[in-house]
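To keep things clear, I will list the structure first and then write my remarks on it.
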Amino acid sequence: MNKSINLKQRPVGTPTLADFDIIELENNLNVSEGEILLESKYISVDPYLRGRMSDAKSYVPPFNVGEPISSGIVAEVIETKNDKFKKGDFVSGLLQWKEKQISTGEGLQKIDKSKASLSAYLGIVGMTGLTAFLGLHEIGKPKKGETLVVSGAAGAVGSVVGQIGKILGLNVIGIAGTDEKIDMLKSEFGFDYGINYKTTKDMKAAIKEAAPNGVDIYFDNVGGPISDAVLFNINQFARIIICGAISVYNKTELPMAIAVQPFLVKNSALMQGFIVSNYAEKFPVAMKQLSTWLGEGKLTYKETIVEGFDNTPQAFLDMMNGKNKGKMIVKV
Ligand SMILES: NC(=O)c1ccc[n+]([C@@H]2O[C@H](COP(=O)([O-])OP(=O)(O)OC[C@H]3O[C@@H](n4cnc5c(N)ncnc54)[C@H](OP(=O)(O)O)[C@@H]3O)[C@@H](O)[C@H]2O)c1
């Protein structure tokens with residue numbers, strides 16, 4: 001048997017299970033010359049998929065209604081007529097939400113499960129690890145002793161940004177949505193300070209208390225009022241990495257925000273959008289450093305694993321809702 005998860009309709013506002021269809025497919029996949037048959041093992045659910053469910057222009061095209069959703073997937077080669085792959089190889093890449101599928105192998109990377117766990121290739125040694133490393137280095141330009149604020153700090157990207165900040169000798173403040181996450185930031189990831197944005201009434205004052213000397217780097221995963229509060233605390237020559245804006249992904253209309261220009265002018269600060277795929281030529285160097293730090297025990301990671309292919313849509317909804325600690329992944 002084979003199954004596929006399709007976009008049933010474009011979500012309006014917050015997505016629900018009704019926006020997805022689980023379709024039973026006939027198990028008649030015939031591998032032609034040059035092709036491989038893949039069995040999905042781990043599926044990544046990511047905030048950017050929300051954007052692809054809408055019919056809006058972005059850096060990746062929207063999903064089509066009635067067709068499978070795709071995301072980062074780790075899969076096993078179970079049949080091959082392609083010399084580059086043998087049976088039992090594991091690959092990672094952008095694939096469809098299907099239990100089994102045929103591929104030419106184009107765009108897929110072979111992965112080595114003796115170097116890292118299979119699921120880690122969707123997180124710490126995959127797209128989210130690269131995002132953390134490259135966003136912080138390329139735009140944040142961190143210098144020892146500086147103060148870094150990270151929003152979405154307990155998630156896949158944020159938890160790695162904060163740890164890299166500590167490795168580089170920064171003072172690191174994380175913002176997240178539960179007390180349990182704040183404890184985790186400090187006890188497991190070595191953050192110096194944590195702020196629960198859901199229970200803090202005055203975020204501007206809380207950031208000032210956490211960063212009495214001001215904020216030099218802000219790694220922004222969320223946008224909205226949290227980011228406004230950080231702006232009030234930036235230092236001269238601050239760097240602001242706009243990595244994501246999850247607080248607005250489900251909004252049907254873009255909210256009015258404070259004007260950022262006075263903060264940027266007054267502080268000669270830099271605010272720059274970041275898309276990890278624009279830095280593809282730097283992936284090998286970044287990956288090598290992430291793997292080295294992992295091997296040395298300087299970097300650690302957390303995963304929230306949901307079991308069962310059919311639970312992929314729910315895992316996506318839960319991640320958008322903050323139910324994950326670290327990387328949200330589905331074990332098929
Ligand atoms: N630009 C790129 O190349 C790139 C690549 C990867 C990811 N990203 C972006 O980076 C961000 C984090 O991605 P991720 O994969 O690491 O996801 P994640 O942080 O593991 O999961 C999403 C988290 O967002 C938080 N959240 C949800 N609604 C929120 C709100 N209204 N305000 C504040 N926080 C909210 C939740 O944590 P709480 O419990 O703390 O609310 C949730 O756990 C996203 O914005 C994503 O789009 C960008």
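Here the structure is a predicted model, which means the values were calculated and not measured. Ligands are counted one by one from 1 in listed order, and the atoms in each one are counted from 1 as well.
A cation-pi geometry, defined here as NZ or CZ lying under 6.0 Å from the six-membered ring centre and within 45° of its normal, does not hold between K166 and F189.
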F232 and I258: CA distance, side-chain angles, deciding distance, side chain to side chain contact (heavy atoms under 4.5 Å, CB included) verdict: CA-CA 11 Å; F232 281 93; I258 61 162; 4.1 Å; yes
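Applying the ring pair (Phe, Tyr, Trp, His ring centres under 6.0 Å) test to Y279 and every residue at least two apart in sequence or in another chain returns F274. Residues satisfying the side chain to side chain contact (heavy atoms under 4.5 Å, CB included) criterion with N2, sequence neighbours excluded, are L25, N27, L29, E99, K100.
Protein residues are said to neighbour a ligand when one of their heavy atoms lies under 4.0 Å from it; for ligand 1 these are P47, M127, T128, T131, G155, A156, V157, A176, G177, K181, Y197, N221, V222, I226, C243, G244, A245, I246, S247, Y249, F274, I275, V276, M319, M320, G322, N324, G326.
Among residue pairs with one or both ends in residues 230-239, those qualifying as salt bridge (charged side-chain N to carboxylate O under 4.0 Å, His left out) are E146-R239; sequence neighbours excluded.
Looking only at atom types and distance, the side chain of N311 has no donor-acceptor partner in the side chain of E307 under 3.5 Å away.
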